[in-house]
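Since the structure comes first, as C-alpha cells, the remarks are kept for the end.
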Amino acid sequence: MSAAIGPKLGLAVLSGMSVSTFKSAVVNSDVASLSKISGLGKKTAERIVLELKDKVGVAAAWEAASASHAPSPEQEQANEAVLALIALGYKQVDAHRTVHDLQQKHREKSAEELVKLSLKQMAAGR
C-alpha cells in the first residue's frame with residue numbers, strides 16, 4: 001500500500017476481510033465493502049482502489065491463468081522424471097519420448113518409478 005496507508009491500516013484491512021475478498025473488492029472497485037472495515041473511510045477506500053486496482057488486477061489475472069494451466073500430477077511426475085534422466089546424461093528428446101511412452105502404459109507411476117522404468121527401457125535399447 002502507499003505511504004499514506006500504513007501498516008496499522010493494512011492490518012485492519014486484512015483482519016476485516018480475507019485476502020481473496022480484498023483482491024476482489026479492489027478489482028471490482030467495491031468501495032462500499034472496503035469502507036465497512038473499522039478505521040477505513042470512503043475516501044481511503046477509494047484511494048486504495050485507485051492505487052492498487054491495476055496491480056491487483058494484473059496479479060489476479062496471472063493467478064487465474066496460472067491455475068488454469070497448472071500441470072496435472074501426472075505431468076509433474078513426468079517432468080521430474082525427464083529432468084532426472086537429463087541430469088543422468090540422457091538427451092532431452094530421448095528422455096521425454098521414453099517417459100511419455102511409459103506414461104501411456106503406466107498412468108499413475110511416481111517420478112522415481114518412471115525413471116527406473118525408463119532406464120530399463122533405454123538399457124534394453126528400445
Please determine whether the number of non-hydrogen atoms from other residues, nucleotides or ligands lying under 6.0 Å from atom [atom1] of [X] exceeds 12.
{"X": "E112", "atom1": "CD", "result": "no"}
{"X": "E74", "atom1": "CD", "result": "yes"}
{"X": "Q104", "atom1": "CD", "result": "yes"}
{"X": "H100", "atom1": "NE2", "result": "no"}

To the nearest 0.5 angstrom, please state how far the [atom1] atom of [X] sits from the [atom2] atom of [Y].
{"X": "D101", "Y": "H106", "atom1": "CG", "atom2": "NE2", "answer": "10.5 Å"}
{"X": "K91", "Y": "R97", "atom1": "NZ", "atom2": "CZ", "answer": "10.0 Å"}
{"X": "Q92", "Y": "I86", "atom1": "CD", "atom2": "CD1", "answer": "4.5 Å"}
{"X": "F22", "Y": "D30", "atom1": "CZ", "atom2": "CG", "answer": "11.5 Å"}
{"X": "L117", "Y": "M122", "atom1": "CG", "atom2": "CE", "answer": "11.5 Å"}
{"X": "T44", "Y": "E46", "atom1": "OG1", "atom2": "CD", "answer": "9.0 Å"}

Check: N28 side chain, S24 main-chain N or O, donor-acceptor pair, under 3.5 Å: yes
Side-chain donor/acceptor of T21 to backbone N/O of M17, under 3.5 Å: no
Minimum heavy-atom distance between [X] and [Y], given as atom pair plus value:
{"X": "K42", "Y": "V31", "value": "O-CG1, 3.8 Å"}
{"X": "A45", "Y": "S35", "value": "CB-N, 4.0 Å"}
{"X": "L102", "Y": "L114", "value": "CD1-O, 4.0 Å"}
{"X": "A12", "Y": "I37", "value": "O-CG2, 3.5 Å"}
{"X": "A81", "Y": "A111", "value": "CB-O, 3.8 Å"}
{"X": "S29", "Y": "V49", "value": "OG-CG1, 3.7 Å"}

Shared hydrophobic cluster, L52 / L50 (ILVMFWY, side-chain heavy atoms < 4.5 Å):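 They do not share one cluster, since no chain of ILVMFWY contacts under 4.5 Å joins L52 to L50.
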ILVMFWY cluster, L83 and L88 together (side-chain gap under 4.5 Å): no
T98 vs Y90, side-chain contact (heavy atoms from CB on, under 4.5 Å): CA-CA, chis, key distance, verdict: CA-CA 11 Å; T98 303; Y90 290 93; over 6 Å; no
From CA spacing to verdict: side chain to side chain donor-acceptor pair (under 3.5 Å), E113, S110: CA-CA 5 Å; E113 293 168 319; S110 70; 3.3 Å; yes
